[in-house]
Amino acid sequence: MKRGMIDMKSNRVRITAMLALTALLISFSLSSCTAFMKEASLETIVCEDSETIPFVKGFMKDSSINKKLKDEFLPAASQIKQITDASEDGLHVEYKLTKQKEGLFGSEYRVTMYLSDGRDSIELKSAVISGMSGVKPDGAEDLDWLDSVELAESAIVMKRLGIDFDKTTLNELSTERNAVEYFLKLYEGIAGREIDISDVKTEGDPVTQKAMLLELLYYYGDPEYTYSDNVYIYNVVSMAAKTLTAIERDVFGRQSDTVTGEELTGILNALFNSMRVHQPENSEHIWSELGNVNADSILGDMEITDSPFTRRDAAEFFERITIEGPKFSMKYGDKNLERVDDALDSIWVRRAVTHGFMNYYGDSTVFAPHEELTLVNAIVSAQCYLNTRYNDWAYSENYTWDGYYTNEDIIVSAAEIAKFFDDRTEEDRQFKVKTVINDRDYDWFFSQKNTGECSDVNCMPSIATMASHWYDENSDATVEKMRKTGDSVNGWYDYELRFGLSSYNVPYTVEDATLENIINALDNGQIVLAQYSDRPIGTSGHCYVIYGYRQFKDSTTFIVNDSDSLSSRAGLFGRKPGNGDEIEARFSMWSISRFVYDVTVISPND
């Protein structure tokens, strides 16, 4: 206390007992106290065991107040120290002093304790300070929920995205719906906007509709979808991969970008960390971390660290991680490689396909090793690799299942995906979307299912029927009738397709199968009938009608009608399965151009 200042505590008694105290004395006391309190400042002191606590100056009884602050904050500081010391991301504790209000005998201040990563912080505890009444805890929070570094870091990441969570339910087993809600919040937090579900016509509550739009659920389009009581690793890594894909596509426009080795490593780590479920009893990870794999060294050995990855490069990368990384129970060798086509002259591709690490491509015949790995395919490949490794570990002789997710695990999983986007800037979001959809205001979609004895091979009669109805609303074509324009009971060739179109007076042109030609046709209000194969060519092919596209930055998505759709988005917009599917255009063009040389273009009936 400054020399000459009035002892306000003792004066308080006198004021209460002597109501006749002069106005001058009261005025002097209040003005002096108020002026003095406004000079309050905050520092931190380090205790003998390295915890920091707040230290205030400018109050009438500094030593008394600081003793109370030490008693109040030291236990919390001791607890948080364990978190900050173990953090690789530089977590630290900071205190702030804010003026609350003017009181009868001066100002009140609040000291607040934060846990910070240097970019954002979460409030942990606070206390109100008054020179008259000392220290009063103000809704001090129970810090028992801070039981791991991962959760502490995740809480700050979530705070940055405006996402809060119920700290009283962290140790409870998560439901599937709860997991869905957090990944939806993650998407909306990074996008800075709510998911638009205005086009989703299927009935359901908003959470389910949003989950259907982002493909977070398995049974899309089911208005009576029932959420599971538990969440498993497969659910979570699928949600994480779908959310990562949707954010890259919708927020940053990078769906068709090719990836570098560094980017593939980031994707792999983000998805792996989302799979790091804990045992509720002792919070130990139930399978080894890939984090100790020296990916930089592996990429350096491959000498393609900053170059765009090809699919062959990805195969080598996954195989090298398997050889040089943590040892799982499953051993991988070169047995059965003879069943994989060796014409590609790459032991890495043959191994990756045989081991199931990249079974997204089916086999080496459709692997297209020299194709650049796009972001969408990189995410799918990383997810496939992790699922395979997890399966191989899970079914080893030492395996014991305890992989349920708690609410804490879900929060950490979602935050790990959020960290993947930490270095994105506002400029990364600035891009225009061009949408062209040559639809009709009536139903012109036809499925090949249940169309007679040739249902299994009626894809081309189906798209010919669709083209007939798109061209002429009054067409009486059906898939069964279109099939009868030819005499084959097998899958059609392009000449049979065009004969069927002519039979129903639908004019067409033939164009080279290039992305430029397809985009030009769609811009001219036309639709495109395309054959393709993403399987061994000698086995099968398929086809669809391309009737629109979305273009953003260097990415393009085709909007198609697929008569035998296997799309997980089936029925999403209240439409029939296969109506309005979306396909990444670069992958689509690869599957078209490897199968046929041209496409069939239909103009509107003017």
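The figures that follow rest on heavy atoms only: side chains count, while hydrogens, waters and symmetry mates do not.
Counting heavy-atom neighbours within 6.0 Å of Glu88 CD, excluding the residue itself, gives a total of 12 or less. Within a 6.0 Å sphere centred on CG of Asp428, other residues, nucleotides and ligands contribute more than 12 heavy atoms.
Contact of the Arg193 side chain with the Asp250 side chain is registered, since non-hydrogen atoms from C-beta on lie closer than 4.5 Å. Considering only heavy atoms from C-beta on, Ile122 comes within 4.5 Å of Leu115 through its side chain. Inter-residue side-chain proximity for Arg429 and Val251 is flagged as met; some heavy-atom pair is nearer than 4.5 Å. Here the side chains of Leu268 and Leu264 are not in contact, with every heavy-atom distance at 4.5 Å or above. Using a 4.5 Å heavy-atom threshold, the side chains of Asn273 and Lys419 count as separate. The side-chain heavy atoms of Phe431 and Arg254, taken from C-beta on, include no pair separated by under 4.5 Å. Side-chain contact check for Leu69 versus Ile53: every heavy-atom pair is 4.5 Å or farther apart. Two residues are said to be in side-chain contact when any heavy atoms from C-beta on lie closer than 4.5 Å; Glu176 and Met239 meet this criterion.
With Thr557 as the fixed residue, the side chain to side chain donor-acceptor pair (under 3.5 Å) test singles out one of Glu582, Gln255, Arg550: Gln255. Each of Leu214, Leu244, Val236 was scored for a side-chain contact (heavy atoms from CB on, under 4.5 Å) with Phe183, with one residue passing: Val236.
Atom NZ of Lys57 and atom CD1 of Ile65 lie 14.5 Å apart (nearest 0.5 Å). Taking CD of Glu150 as the start and OG of Ser413 as the end, the distance is 9.0 Å to the nearest 0.5 Å. To the nearest 0.5 Å, the span separating CZ on Arg177 from CG on Leu184 amounts to 9.5 Å. Remark: Leu271 CG to Ile417 CD1 distance equals 5.0 Å, nearest 0.5 Å. In this structure, the separation between CZ on Phe55 and OG on Ser41 is 8.5 Å, given to the nearest 0.5 Å. If you take CD1 on Ile233 and CE on Met275, they are separated by 5.0 Å, rounding to the nearest 0.5 Å.
Side chain of Asn66 to backbone of Asp62: a donor-acceptor contact under 3.5 angstrom is found. Using modelled atom types, one side-chain atom of Arg586 and one backbone atom of Ser256 make a donor-acceptor pair closer than 3.5 Å. At least one donor-acceptor pair under 3.5 Å links the side chain of Glu319 to the backbone N or O of Ala352. Between the side chain of Glu188 and the backbone N or O of Ile195, at least one donor-acceptor pair lies under 3.5 Å. In this structure, the side chain of Lys553 engages the main chain of Phe252 through a donor-acceptor pair within 3.5 Å. Here the side chain of Asp71 pairs no donor or acceptor atom with the backbone of Lys68 at under 3.5 angstrom. Remark: side-chain polar atoms of Gln430 are paired, donor with acceptor, to backbone N or O of Glu426 under 3.5 angstrom. With hydrogens and angles ignored, the 3.5 Å screen pairs no side-chain donor or acceptor of Ser87 with any backbone N or O of Thr84. Counting only distance, with no hydrogens or angles, the side chain of Lys125 and the backbone of Glu72 share a donor-acceptor pair below 3.5 Å.
Thr260 and Glu262 share no donor-acceptor pair across their side chains, judged by distance under 3.5 Å alone. Between the side chains of Asp166 and Thr168, at least one donor N or O lies within less than 3.5 Å of an accepting N or O. Under the 3.5 Å distance criterion, with hydrogens and angles disregarded, no donor-acceptor pair is assigned to the side chains of Arg249 and Ser555. With 3.5 Å as the limit, one finds a donor-acceptor pair spanning the side chains of Asp205 and Thr208. Side-chain contact check for Asn235 and Tyr405: no donor-acceptor pair (N or O, by modelled atom type) lies under 3.5 Å.
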Point to revise | Test side-chain contact (heavy atoms from CB on, under 4.5 Å) applied to Leu217 and Tyr227, step by step | key: CA-CA 9 Å; Leu217 300 177; Tyr227 290 92; 3.8 Å; yes

Check your understanding: Are Thr245 and Glu215 close enough, and set up right, to give a side-chain contact (heavy atoms from CB on, under 4.5 Å), and what steps lead you there?
Key -> CA-CA 10 Å; Thr245 300; Glu215 303 182 49; over 6 Å; no

Practice item. Check the pair Thr406, Glu408 against side-chain hydrogen bond (donor to acceptor under 3.5 Å, both in side chains), reporting the backbone distance first and the verdict last. Key: CA-CA 5 Å; Thr406 64; Glu408 175 183 335; 5.2 Å; no

Practice item. List the steps and the verdict of side-chain contact (heavy atoms from CB on, under 4.5 Å) for Ile156 and Glu153. Key: CA-CA 5 Å; Ile156 296 176; Glu153 293 174 345; 6.0 Å; no

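Aromatic ring pairs are classed by plane angle as parallel below 30°, tilted from 30° to 60° and perpendicular above 60°; the pair Phe318 and Tyr385 is parallel. Aromatic ring orientation, Phe73 versus Tyr95: perpendicular (interplanar angle above 60°, classes split at 30° and 60°).
For Lys185 and Glu181, the salt-bridge test fails: no basic side-chain N is under 4.0 Å from an acidic carboxylate O. Here Glu51 does not pair with Lys81 in a salt bridge; the nearest charged N to carboxylate O distance is not below 4.0 Å. One finds a salt bridge joining Glu316 and Arg320 here, because a Lys/Arg side-chain nitrogen approaches an Asp/Glu carboxylate oxygen to under 4.0 Å.
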